[in-house]
> 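Got a structure for you, questions after.
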Amino acid sequence: MSAGERVLYEAKDGIARLTVHRPEKLNALDRKTMQELDERIASARDDGAVGVLIVTGAGDKAFVAGADINELARQTPVEGAAFARLGQAVLDRLETLGKPSIAAINGFALGGGLELALACTLRLASENARLGLPEVTLGIIPGYGGTQRLSRLVGRGRALELILTGEAIDAREAHRIGLVNRILPPSELLPAAEALATMLLRRGPLALRHALQAVHAGLQMTQAEGLGLEATLFGILCSTEDMREGTRAFLEKRPPSYKGR
Ligand code: COA
């Protein structure tokens with residue numbers, strides 16, 4: 001475990017774990033925490049041995065309780081726009097990393113915390129998680145991509161209900177509307193995230209990268225353009241050693257051993 005002050009980073013057996021570590025403030029994202037988060041995301045991106053990221057929060061109460069309201073309260077309009085742009089850029093880098101990420105939501109995921117989870121590929125929630133975008137209760141709107149990613153994930157009607165009321169929902173409701181993939185008892189959350197990460201590591205990393213690209217880039221396109229992209233990426237994968245290994249392993253009735261080539 002390397003000791004960033006605000007975001008702990010541990011890479012082991014192909015899995016990088018990023019832990020937002022500011023428990024006395026329920027892991028609220030101040031500027032310094034965002035910068036460290038960005039640096040740790042870059043570390044995971046640049047480490048060829050890392051195939052999957054797990055993002056979680058320190059302690060048993062909060063994943064991340066939002067952007068730091070003390071900083072927000074002092075912002076000028078110019079600083080506010082810069083703040084949103086910085087957060088958006090960091091979360092964009094996480095979403096488009098080319099490696100899957102799993103949010104292990106171990107408590108409150110509010111505002112910027114839910115937006116962080118939304119930028120991850122998959123979301124697992126503990127039974128005590130509470131999720132919401134309370135920004136309107138503070139006289140602002142989500143600024144780290146929440147208005148865009150939430151509506152794309154759960155649909156416009158459900159997203160607008162969460163954004164306009166500012167009310168948090170529990171893990172069961174989040175699961176019902178498709179906001180989280182699974183619910184776990186608190187003690188099983190991280191083991192489940194690690195088991196899921198381990199399963200993803202057994203898949204071909206190039207296949208995962210291209211599947212992520214097809215879905216994310218495809219969502220910005222018309223369906224016809226998206227199908228064109230899918231066919232192109234499919235063709236590219238047919239040129240890889242991983243594709244030959246995967247198909248051969250199936251025919252030889254053995255597990256594949258992917259090299260990412
Ligand atoms: N920014 C800055 N500080 C925050 C914070 C945030 N987003 N969320 C929590 N904290 C701080 C609290 O101010 C408190 O600090 P203090 O001990 O110095 O007073 C500490 O974290 C513990 O929080 P507290 O409110 O005492 O815990 P609680 O269990 O009573 O309530 C929450 C938990 C999450 C319901 C409540 O902290 C909350 O509503 N936080 C703000 C959530 C929010 O609006 N986020 C979106 C921001 S855009």
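For ligands, and for the atoms within them, numbers begin at 1 and follow the listed sequence.
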> For atom 36 (C) of ligand 1, is the nearest protein heavy atom under 4.0 Å away?
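No, because not a single protein heavy atom sits under 4.0 Å from atom 36 (C) of ligand 1.
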
> Would you check, one step at a time, whether the test side-chain contact (heavy atoms from CB on, under 4.5 Å) holds for Leu114 with Leu110?
CA-CA 5 Å; Leu114 181 54; Leu110 301 175; over 6 Å; no

> Main chain of Ala44, side chain of Lys99: is a donor-acceptor contact present, judged purely on distance under 3.5 Å?
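Yes; judged by distance alone, with no hydrogens or angles, the pair exists.
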
> Does atom 18 (O) of ligand 1 have a protein heavy-atom neighbour under 4.0 Å away?
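Answer yes: something from the protein, a heavy atom, is under 4.0 Å.
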
> Decide yes or no on side-chain contact (heavy atoms from CB on, under 4.5 Å) for Ile169 and Leu179, but give the supporting numbers first.
CA-CA 10 Å; Ile169 56 175; Leu179 175 51; 4.2 Å; yes

> Got a protein heavy atom sitting under 4.0 Å from atom 15 (O) of ligand 1?
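Under the 4.0 Å cut-off, atom 15 (O) of ligand 1 does have protein heavy-atom neighbours.
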
> Considering non-hydrogen atoms of the protein only, which is the closest contact for atom 12 (C) of ligand 1, and what is the distance?
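In this structure, atom 12 (C) of ligand 1 has Lys25 CD, 4.8 Å as its nearest protein heavy atom.
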
> Report the part of Ala65 (side chain from C-beta onward, or backbone N, CA, C, O) that has a heavy atom under 4.0 Å from ligand 1; answer both or neither where that applies.
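Ala65 to ligand 1: contacts from backbone and side chain alike.
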
> Got a protein heavy atom sitting under 4.0 Å from atom 26 (O) of ligand 1?
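No; the ligand atom in question lacks any protein heavy-atom contact below 4.0 Å.
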
> Could you identify the single nearest non-hydrogen protein atom to atom 20 (C) of ligand 1 and state the distance to 0.1 Å?
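Nearest neighbour among protein heavy atoms for atom 20 (C) of ligand 1, to 0.1 Å: Glu24 O, 3.4 Å.
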
> Answer yes if a protein heavy atom lies under 4.0 Å from atom 2 (C) of ligand 1, otherwise answer no.
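Protein heavy atom within 4.0 Å of atom 2 (C) of ligand 1: present.
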
> Less than 4.0 Å is my threshold; does some heavy atom of Gly112 fall inside it relative to ligand 1?
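No, Gly112 has no heavy atoms under 4.0 Å from ligand 1.
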
> At under 4.0 Å between heavy atoms, which part of Lys61 makes contact with ligand 1: side chain, backbone, both or neither?
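Looking at Lys61 and ligand 1, just side chain atoms fall under 4.0 Å.
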
> Evaluate the 4.0 Å heavy atom contact test for atom 47 (C) of ligand 1: does a protein atom fall under the cut-off?
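For atom 47 (C) of ligand 1 the answer is yes, since some protein heavy atom falls inside 4.0 Å.
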
> Contact between ligand 1 and Glu71 is defined here as a heavy atom of the residue under 4.0 Å from a ligand atom; is it met?
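Contact absent.
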
> Please compare Leu26, Asp30, Asn27, Leu72 and report which has the shortest non-hydrogen distance to atom 9 (C) of ligand 1.
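The nearest heavy atom belongs to Leu26.
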
